[in-house]
Enquirer: 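Once you've had a glance at the structure underneath, I'll fire off some questions.
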Amino acid sequence: MRSATSTASTRRYIANFLGVAGLYLFSLFAFLGTAGAEFGLLLMLLGFFMSVPEAWPTVKRDRAFVMLVISGGYLLWEAFTAASEFPVSASLQWNDAWGWLNLWFLLFVAWWLGGNTRRLLTCLGLAFLGFVTKVLTQVDWSNWQALFHGQRYGFGFVMLTAGLLAGIGIIGLFAFARRLWGSGANRTGFALRVSFWLVALLLLLQVLLVSQSRGAWVATAAVALPLLAVQLWQSWRRHGARPLAGTGLIIVLVGGSLAIGVFAVNSTMLERRVTSEDSVFAKLLRGVSVEQVPYTSVGRRIHMLHFGFQRWRERPLLGWGPGTKVTRLFSKTDFQDPLQAREAEMLSIHPDLHNSYLVVLTRLGLVGAFLFFTLLALVLRAVWVAHRRGEMPTDVFLFLLAAFGVNALWGMSDFRMVHLDYRELVLLLGGAAYTYHLGSLRRTVSDVKDPSTASKPGYDPCLRARAPCEYS
């Protein structure tokens, strides 16, 4: 009996070590290197499966894990039928089906985060460190001036993804500003922390701008401004005008001046990118027909919306398959309608429809869209409930809502959901958002297995949990 107990204890220790080590490794390499992130994810999965005896009572009660199984079955069926219908794209169907399913692995990240705020913040910090390291190592320092002369950079990422990650990084700096600055009791330490914060902000702002991703610009601005307004309102409610005076005012003035300087240095590029589509916007505002929209950057997205919507209408429920790229599936000879024939010809150079929502509908249909947006609804509900219960700190709550908001807006201009760079982002943000729910469910299951403990003097559910949790 003692030997069996010792074996089980050793197994749990090894599983926990592998899971947490894999979590930290994944976080650090999420945006730094694919191999390290993949190895970290593998360790997390291995640790989870080793802890199945302890995890199963929680897993079987969680709706998101049930949805994972259902979605896996649906994706397998979709890949099989699409590969049979389009044999040339069979490998792509299976590869992208796996890519779609990977998004659900956020549940394993959530599991190993364990509802622990300190662990969550550590992982976000490691991911930020990895991203900044990747950016700095991709710069040609012998010609660093080119960064300020209108040249477009992706820093080792696809340009649009670089803009998205930089935008979310800026959101994080705003959301966690007070936590990063500290109390200010030690003036030297406070000055150093604020200085590093300002340098990081300027770096990310420059990355965002030189990515020249208008979708990322709009998404970041649309979310960052309300976030700052909410933070100022909360600060005013707690402390009145004091945070706006003295040191706080100096930080705002210095940071604002430096940011204006960054915009000024990039003013020529910004003006070119903002005004290059004026004629297209003018036509759209006049209400011209789709046929009259030119095939410019914005114009092509209008045609993609039209072309993609027509393809979705042909297979509304199940879509064309998890790996089917409708922009390359058809040629102009497949259509009698001159507009659609022209769109099929002009859009064939693009790998997708540049709209995440439309790609989900055309590839997976209404059924697949329901499954994935159900996952999103479960994750967002978990964020709201965790904060309302006092489990999730306000800055984490604001950051996650803002990050999801940036993603939602950015997704209207690009699609990266089956690619590794975007998968890592989904796993980190989704895992952070869902971890408090899983932590609460684990404690509930533990109490149900031994209900007598809840009535004992000095009972603390956080001490009962197998994974650390935060006190509200």
Side-chain angles (χ1 to χ4, degrees), residues 78 82 92 96-97 99-100 103 157-165 167-168 211-223 273 276-277 280-281 283-284 289-291 293-330 339-340 342-376 403-419 421-423 425-426 429:
E78 282 277 282
L92 185 61
D96 281 6
W100 288 107
L103 300 179
F157 301 94
V158 174
M159 272 70 166
L160 297 177
T161 304
L164 171 67
L165 295 176
I168 292 178
S211 72
Q212 299 190 26
S213 169
R214 286 171 295 210
W217 292 354
V218 172
T220 303
V223 173
R273 289 291 289 174
S276 61
E277 299 286 337
V280 179
F281 286 119
K283 289 184 177 181
L284 294 175
S289 62
V290 178
E291 292 93 334
V293 177
Y295 285 86
T296 61
S297 178
V298 172
R300 284 176 179 271
R301 282 171 167 79
I302 301 299
H303 285 286
M304 287 176 183
L305 287 173
H306 177 264
F307 186 77
F309 183 70
Q310 298 303 320
R311 305 289 74 75
W312 170 68
R313 288 180 60 189
E314 295 170 356
R315 297 189 179 187
L317 286 179
L318 302 179
W320 291 88
T324 301
K325 301 177 179 180
V326 295
T327 52
R328 294 182 174 175
L329 179 63
F330 301 94
L339 172 59
Q340 295 194 52
R342 175 66 170 163
E343 287 177 333
E345 178 184 13
M346 296 299 294
L347 301 179
S348 61
I349 62 173
H350 300 284
D352 54 63
L353 294 168
H354 283 265
N355 185 296
S356 298
Y357 306 96
L358 194 55
V359 171
V360 171
L361 286 171
T362 55
R363 292 196 186 190
L364 304 177
L366 286 173
V367 175
F370 170 78
L371 293 174
F372 279 93
F373 285 110
T374 297
L375 171 63
L376 178 61
F404 279 114
V406 172
N407 271 281
L409 293 173
W410 178 86
M412 296 180 183
S413 62
D414 199 17
F415 169 78
R416 298 290 298 170
M417 295 176 73
V418 296
H419 300 278
D421 52 4
Y422 192 77
R423 183 201 69 177
L425 179 65
V426 170
L429 294 180

Enquirer: Give me the atom names and distance for the closest heavy-atom approach of Met417 to Leu103.
Expert: O-CD2, 3.5 Å
Enquirer: Could you pull out the closest heavy-atom pair between Gly308 and Leu358, with the gap in Å?
Expert: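 Nearest heavy atoms, Gly308 then Leu358: CA-CD2, 3.8 Å.
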Enquirer: Going from CG on Leu318 to CZ on Arg363, what distance comes out if it is rounded to the nearest 0.5 angstrom?
Expert: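 The distance works out to 16.0 Å.
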Enquirer: Applying side chain to side chain contact (heavy atoms under 4.5 Å, CB included) to Val293 and His306, what does each step give before you reach the verdict?
Expert: CA-CA 11 Å; Val293 177; His306 177 264; over 6 Å; no
Enquirer: Rounded at 0.5 Å granularity, tell me how far CG in Leu353 sits from NE2 in His350.
Expert: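 So the gap between those two atoms works out to 10.0 Å.
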Enquirer: Given side chains that start at C-beta, do those of Leu364 and Leu371 come closer than 4.5 Å, heavy atoms only?
Expert: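 Side-chain contact under 4.5 Å: no.
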Enquirer: Looking only at heavy atoms, which two atoms of Tyr357 and Met412 are closest? And how far apart?
Expert: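 Result for this residue pair: CE1-CG, 3.8 Å.
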Enquirer: Of Val158, Leu160, Asp414, Leu164, which is the lone residue that meets side-chain contact (heavy atoms from CB on, under 4.5 Å) with Ser213?
Expert: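 Testing each of Val158, Leu160, Asp414, Leu164 against Ser213, the sole residue satisfying side-chain contact (heavy atoms from CB on, under 4.5 Å) is Leu160.
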Enquirer: With the side chain counted from C-beta on, respond yes when Thr374 and Phe370 share a heavy-atom pair under 4.5 Å apart, and no when they do not.
Expert: yes
Enquirer: Got a donor-acceptor contact below 3.5 angstrom from the Arg423 side chain to the Val418 backbone?
Expert: no
Enquirer: Measure the CZ-CZ distance between Arg273 and Arg214 for me, rounded to the nearest 0.5 Å.
Expert: 4.0 Å
Enquirer: Show your working on side chain to side chain contact (heavy atoms under 4.5 Å, CB included) between Asn407 and Leu425 and close with a plain yes or no.
Expert: CA-CA 10 Å; Asn407 271 281; Leu425 179 65; 3.7 Å; yes
Enquirer: Using side-chain contact (heavy atoms from CB on, under 4.5 Å) as the criterion, point out the one residue from Val326, Leu329, Leu361 that pairs with Arg311.
Expert: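 Among Val326, Leu329, Leu361, the one meeting side-chain contact (heavy atoms from CB on, under 4.5 Å) with Arg311 is Val326.
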Enquirer: As an exercise, state the distance from CZ of Phe157 to CZ of Arg416, rounded to the nearest 0.5 Å.
Expert: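 So the CZ of Phe157 and the CZ of Arg416 are separated by 10.5 Å.
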Enquirer: Are Leu429 and Ile168 side-chain neighbours, meaning at least one heavy-atom pair lies under 4.5 Å?
Expert: yes
Enquirer: Walk me through it: do Thr296 and Glu277 pass the test side-chain hydrogen bond (donor to acceptor under 3.5 Å, both in side chains)?
Expert: CA-CA 8 Å; Thr296 61; Glu277 299 286 337; 2.7 Å; yes
Enquirer: Taking all non-hydrogen atoms of both residues, which atom of Gly215 and which atom of Ser413 are closest, and how far apart?
Expert: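 Nearest pair, atom of Gly215 first, then Ser413: CA-OG, 3.6 Å.
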Enquirer: Can you check whether Tyr295's main-chain N or O pairs, donor with acceptor, with His303's side chain at less than 3.5 Å?
Expert: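 Absent.
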Enquirer: Once you round to the nearest 0.5 Å, how far does CH2 of Trp410 lie from OH of Tyr422?
Expert: 6.0 Å
Enquirer: I would like to know whether Arg301 and Asn355 meet side chain to side chain contact (heavy atoms under 4.5 Å, CB included); could you show each step before the answer?
Expert: CA-CA 8 Å; Arg301 282 171 167 79; Asn355 185 296; over 6 Å; no
Enquirer: Which atom pair, heavy atoms only, marks the closest approach of Pro322 to Trp100?
Expert: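 In terms of heavy atoms, the two residues are closest at O-NE1, 3.0 Å.
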Enquirer: Looking at residues at least two apart in the chain, or sitting in another chain, which of them share a side chain to side chain donor-acceptor pair (under 3.5 Å) with Asp352?
Expert: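 With neighbours one apart ignored, the set is empty.
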Enquirer: Do Leu409 and Val218 have side-chain heavy atoms sitting under 4.5 Å apart?
Expert: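 With C-beta onward as the side chain, the pair stays apart.
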Enquirer: First locate atom CG of Leu92, then atom NZ of Lys325, and finally report the distance between them rounded to the nearest 0.5 Å.
Expert: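 Nearest 0.5 Å value for the CG-NZ distance: 5.5 Å.
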Enquirer: Shortest non-hydrogen contact from Phe415 to His419?
Expert: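 So the minimum-distance heavy-atom pair works out to O-CD2, 4.3 Å.
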Enquirer: Got a donor-acceptor contact below 3.5 angstrom from the Thr362 side chain to the Val359 backbone?
Expert: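 Yes; judged by distance alone, with no hydrogens or angles, the pair exists.
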